[in-house]
Amino acid sequence: MDEKYFAQKIEQKWQKRWAENKTFEVEINDGREKFYALEMLPYPSGRLHMGHVRNYSIGDALAWYKRLQGYNVLHPIGWDSFGQPAEQAAIKKGVNPREWTEDNINQMRQQLQRLGISYDWSREIAAHRPEYYKFDQWFFLKMLELGLTYRKDSQVNWCPKCHTTLSNQQASGGVCWRCGTQVEKQSRPQWFLKITAYAEELLSGIKEIEAGWAERVLTMQRNWIGRSEGAFVEFQIPNSRFQISNSEQQKNLEFGIWNLESVRVFTTRIDTIYGANAIVVAVEHPIIEHNFDNFPEAVKAKIEEIKIEKAKPTDYGEEIEKDGIDTGLKAVNPFSGEELPVWVGNYVMMEYGTGAVMSVPAHDERDFEFAKKFGLPIKQVVSGQWSAVSEGSKDQKTKSEDRATTDYGILVNSDEWSGKTSEEAKREMTKFAEENNFGKMATTYRLRDWGISRQRFWGAPIPIVYCETCGTVPVPFENLPVELPESAPFTGVGESPLAKVPEFVYTTCPKCDEPARRETDTMDTFVNSAWYYFRYTDPHNRELPFNPEITAYWMPVDQYIGGVDHAVMHLLYTRFWTKMMRDLGLINFDEPVKKLLTQGMVVGESYYSKSKESYVPPDEVKTVRDEKGKVVEANLKSDNSQVKVAVEKMSKSKYNGVDPDDMVMIYGADAVRIFALFAAPVENELVWQETGIDGAVRFLQRVYRLVYRWHKALVVSGQLQLSELNGELSQDARKLRQKTHQTIKRITENFESGQFNTPIAALMELSNALGDFKVEPKIASEADLFAVDEAIKSLILMLTPYAPHICEELWEVLTGSAKGILQSDEKFPVADEALVKADEIEIPIQINGKLRSRVLASPDATKEQLEMMALADAKIKEYIDGKEILKIIVVPSRLVSIVVKAQQS
RNA sequence: GCCCGAGUAGCUCAGUGGUAGAGCGCAUCCUUGGUAAGGCUGAGGUCACGAGUUCAAAUCUCGUCUUGGGCUCCA
């Protein structure tokens, strides 16, 4: 054993040994319980960043922990290797996307191996390889059979910078999720996956995973699905012009409009229908299109104005002023018979509900604002008696003229419904509308179908052929995969590069054998990530995406770990995919991931120069820090101008990133991993500080020195029997054993509850306790050696999930076995409850809630014993002398509380 | 604006009704001319604020403030 800890040497040695012994390769083993530990697969950008390191360190700690507990652990990795950066590189540098991607994968695989992450590399997969994307295509065709894949010519979100279409999620907030460019609307034929068919199940299925997923992720998904219960109500439009073609009628049905003599609205508050003062429709609403020519000039002008306004980029967070105009059309309220004006309004969205709302200003804030602006009548139909009841509270009684009240209440001014509660009215009025055929109960969702067409080269080709005689023809299963050509002309503009590759485009129709054209769009990369971890279970299957029997053993994932940025998109798509695969009969469960852990970002200090108007690297800045390490002043070295310091997400452009490879080179993989896990709870942000990683190294050195100090004595003593030694344990040895078992208990509990930072603190305590054990190894008694042996071996086994290399090395030193911890079938230590308990504990004694004294007692002392001890205590006697004792509360092993009558003085 | 979460030592966090804790960092001193040194001792907290419940509140309840995140005309 070297006297000093040389991280590089040890790490290389064990990485080699693990690879040779195939230590982390697993197969189905019915004798052992399985555990599937999964981290989100990386995009092969070429360099690992600290976010990756954090992600994989968490997963690896868990995988090791479970292995040490005897589980059969599947811990795989692969590459999300389709996507835009490869294509950008092709456009900019003229490289081949496939070569670029393969090079990056090779580099990153080496980086991961240098970190010593315990992957089963025999299961490595990559999305861009035909053997993988063959099954993207396979699923596409299967969904076509199920009616879950369809093509529709519709408005899509188009990013003018990326030259691609985006799903709603990817265009959230009106900007491209990738580059932040304002998204435009374009009309083109697109392939969609019918995720909305599972809207209800995606929502209700949340119940099943609630316990294992972060609440905020589920809230985001719930919001995204956006279920809303209410009713459709039909308002007749007697003066609408209705001359439409069949195809238009078809389109209208799609929008949920029965015909053009009426407007269908969706409302969650049918109980407020007597308060409707207008119908407000979106500018894109068909009734506007079809009556447009008949509208007065002023109306036409306003509609055009709103359309132009809507197409303009809007600042996120900026409130848009409500605007609109009365079209002159009239609608009839089917309940009251009242004739209402039909307005167009910029605040009504064609994409949600039916694109038309009934405006009830007294009970809806947006309608209220609209009515106020245009002087429309405001009629209260739900009594706001709640505010009258709660008088005296700060919530001043508000009059209906001041504010809309959206609370439920008692109906007024609503004919025979008056006097009913909102709940009753909603139920009964919906029923009435159904019976009279002008409405029905309805549930709407905010969730839209998933548009997967991308005008890109570097993705899975959509397996469709267009034939002049046969139309749209799916590629037969036996012809899969439809392979990407070697290369294509990459210009970065216009249509998909694939469209410019004649060998790819021109083909023959699978049905009639006549010349035909291939679909040249490729699939969204989220398709790959929707099911990749099923593939890990059976990665080399050529016939099927996976063998259902094999997958049944490994799935579902027991713990999934990744960034919270995938809370909605990836995690919703993959839940959908699972339900679809269940309906295909491939699997028989509903939710793919039992537990989800979302880690926080890795951030670092950044410096922004105001004079240069750019970020500057740290070595160009001189900082003055106070004794707490906080920056009080920062200036540019070159011209002394002021520099703004911030703590932000690590990125190259901000010069605040650190390269994991550099860190591994300087400090060793074990230290880097320890720091990544120790510095903060996994869900929180992690601030990268060089001083923190120094602490991690010092800790490992302390552990190394401990073993160095004791190893000869321990190896000589060999296996000691506790039974013979029990009586000879010194007070200190007993204390050390207690600390050991307390630590085991604590760490086991921490791991089970998903805490990764606190066990390291506990291990530091244990190593400190070992350092405090002052017996010289040479003269230590057998009993001492036993206690030290137990403490050190427990320490090493519990540290293994965090710092596997050094632990394997120290284990070899202590046991002489070169096989490695796992192959020697070592197990995570189990706490002995009897030892965890202290012999004697301090019991506080309170008088009237104030701490007055303490006594030492056995943890098993009874109530009566404790009470007696308390009353016998000298200090307590003083306090209670001459006073009446009202009550004595004794909580065994916790405290004694005495209540005395206050002295009148 | 709405919905969720958080606020405990310089930092990162434990602590779910019963003595306010840990690790790191920091400070003092000591040791050591051998490659990321070690050791001793110590300081540091109005548990965000206010009220309530209780013998007893960091912990439970209500309100306020601060802060992080998500949603954003969703009818």
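So you know, we letter chains A, B, ... as the sequences are listed, proteins then strands, and number each from 1.
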**Request:** Nearest whole angstrom, please: distance from the C1' of B/rA56 to the CD1 of A/Ile898.
**Result:** 13 Å
**Prompt:** What distance do A/Met350 atom CE and A/Glu284 atom CD have between them, rounded to the nearest 0.5 Å?
**Reply:** 7.5 Å
**Message:** Within 45 degrees of the ring normal and closer than 6.0 Å to the centroid, is that where the cationic atom of A/Lys440 sits relative to A/Phe232?
**Reply:** no
**Request:** Can you tell me, in whole Å, how much space there is between the C1' of B/rC47 and that of B/rA58?
**Result:** 4 Å
**Message:** Measure CD/A/Gln742 against C1'/B/rA22 and give the value in whole Å, please.
**Reply:** 13 Å
**Complete:** A/Pro361 and A/Ser359 have their tightest heavy-atom pair at CD-O, 3.3 Å
**Message:** Can you confirm whether more than 12 heavy atoms, excluding those of A/Met441, are under 6.0 Å from its CE atom?
**Reply:** no
**Complete:** A/Thr758 has its side chain closest, among B/rA14, B/rU72, B/rC73, to B/rA14
**Asked** Rounding to the closest angstrom, what is the interatomic distance between B/rA9 and B/rC4 at atom P?
**Response** 27 Å
**Request:** Can you tell me, in whole Å, how much space there is between the C1' of B/rU41 and that of B/rC30?
**Result:** 10 Å
**Asked** Within the structure shown, what part of the strands sits under 4.0 Å from A/Met358 by heavy-atom distance: base, sugar-phosphate, or nothing?
**Response** nothing
N/O contacts under 3.5 Å, protein versus nucleotides 17-21 of chain B?
{"residue": "B/rG18", "atom": "N2", "partner": "A/Gln846", "partner atom": "OE1", "Å": "2.7"}
{"residue": "B/rG18", "atom": "N2", "partner": "A/Ser897", "partner atom": "OG", "Å": "3.3"}
{"residue": "B/rU19", "atom": "O2", "partner": "A/Arg854", "partner atom": "NE", "Å": "3.3"}
{"residue": "B/rU19", "atom": "O2", "partner": "A/Arg854", "partner atom": "NH1", "Å": "3.3"}
{"residue": "B/rU19", "atom": "O2", "partner": "A/Arg854", "partner atom": "NH2", "Å": "3.4"}
{"residue": "B/rU19", "atom": "N3", "partner": "A/Glu842", "partner atom": "OE1", "Å": "3.0"}
{"residue": "B/rU19", "atom": "O4", "partner": "A/Glu842", "partner atom": "O", "Å": "2.8"}

**Request:** Return the nucleotide paired to B/rG23: Watson-Crick means purine N1 to pyrimidine N3 with N6-O4 or O6-N4, wobble means G-U with N1-O2 and O6-N3, both under 3.5 Å.
**Result:** B/rC11
**Message:** Can you tell me how the ring of A/Phe773 sits relative to the ring of A/Trp710, calling it parallel under 30°, perpendicular over 60° and tilted otherwise?
**Reply:** tilted
**Asked** Do the ring planes of A/Tyr802 and A/Phe751 sit parallel (below 30°), tilted (30 to 60°) or perpendicular (above 60°)?
**Response** tilted
Give me the distances for all protein-to-nucleotides 23-25 of chain B N/O pairs that come in under 3.5 Å?
{"residue": "B/rC24", "atom": "OP1", "partner": "A/Arg702", "partner atom": "NH2", "Å": "3.0"}
{"residue": "B/rG25", "atom": "OP1", "partner": "A/Arg698", "partner atom": "NH2", "Å": "2.5"}

**Request:** Round to a whole Å and report the spacing from CH2 of A/Trp224 to P of B/rC71.
**Result:** 8 Å
**Asked** A/Asn223 CG to B/rG69 P: how many Å, rounded?
**Response** 17 Å
**Request:** Just call it for A/Val348: base, sugar-phosphate, or nothing, with non-hydrogen atoms closer than 4.0 Å on any strand.
**Result:** base
**Length of the line joining A/Leu340:CG and B/rA75:P, which is rounded to integer Å** = 21 Å
**Item:** Closest-nucleotide 5' rank along RNA chain B - winner of A/Lys4 and A/Ile847
**Value:** A/Lys4
**Prompt:** In chain order, what residues pass the salt bridge (charged side-chain N to carboxylate O under 4.0 Å, His left out) check against A/Asp364, with sequence neighbours excluded?
**Reply:** A/Arg366
**Message:** Looking at A/Thr444, I'd like to know whether one of its side-chain N or O atoms comes within less than 4.0 Å of OP1 or OP2 on B/rA75.
**Reply:** no
**Message:** In whole Å, I'd like the distance from the OH atom of A/Tyr445 to the P atom of B/rC71.
**Reply:** 21 Å
**Item:** C1' atoms of B/rU59 and B/rA14, separation to the nearest Å
**Value:** 13 Å
**Prompt:** How would you label the contact of A/Asp364 with the nucleic acid (heavy atoms, under 4.0 Å): base, sugar-phosphate, or nothing?
**Reply:** nothing
**Asked** Can you check the A/Asp271 CG to B/rA75 P distance for me, whole Å?
**Response** 14 Å
**Item:** Same-atom distance (C1') from B/rU8 to B/rA57, integer angstrom
**Value:** 14 Å
**Message:** Students often get this wrong, so: under 4.0 angstrom with heavy atoms, is A/Ile666 touching a base, only sugar-phosphate, or nothing?
**Reply:** base
**Prompt:** Taking the C1' atom of each, how far is B/rU31 from B/rG10, in whole Å?
**Reply:** 28 Å
**Nucleotide nearest A/Arg746 (side chain, heavy atoms from C-beta), chosen from B/rC73, B/rC55, B/rA22** = B/rA22
**Request:** Please state whether the rings of A/Tyr352 and A/Phe266 are parallel, tilted or perpendicular, taking 30° and 60° as the class boundaries.
**Result:** perpendicular
**Asked** When you compare B/rC24 with B/rU61, how far apart are their C1' atoms, in angstrom units rounded to a whole number?
**Response** 37 Å
**Request:** Look through every strand shown and name the nucleotide pairing with B/rA75 as Watson-Crick or G-U wobble, where both distances are under 3.5 Å.
**Result:** none
**Asked** Expressed in angstrom and rounded to an integer, what is the separation of A/Lys322 atom NZ from B/rA75 atom C1'?
**Response** 12 Å
**Item:** Atom of A/Val890, atom of A/Lys863 and distance for their closest heavy-atom approach
**Value:** O-CE, 3.4 Å
**Prompt:** Hey, what's the ring geometry for A/Phe374 with A/Trp343, parallel, tilted or perpendicular (30° and 60° as the breaks)?
**Reply:** tilted
**Asked** With rounding to whole Å, what would you report as the distance between B/rC71 and B/rC55 at their C1' atoms?
**Response** 47 Å
**Complete:** Between A/Leu218 and A/Ile209 the two heavy atoms that sit nearest each other are CD2-CD1, 4.0 Å
**Request:** Please work out if A/Gln701 contacts a base, only the sugar-phosphate, or nothing of the nucleic acid, heavy-atom cut-off 4.0 Å.
**Result:** base
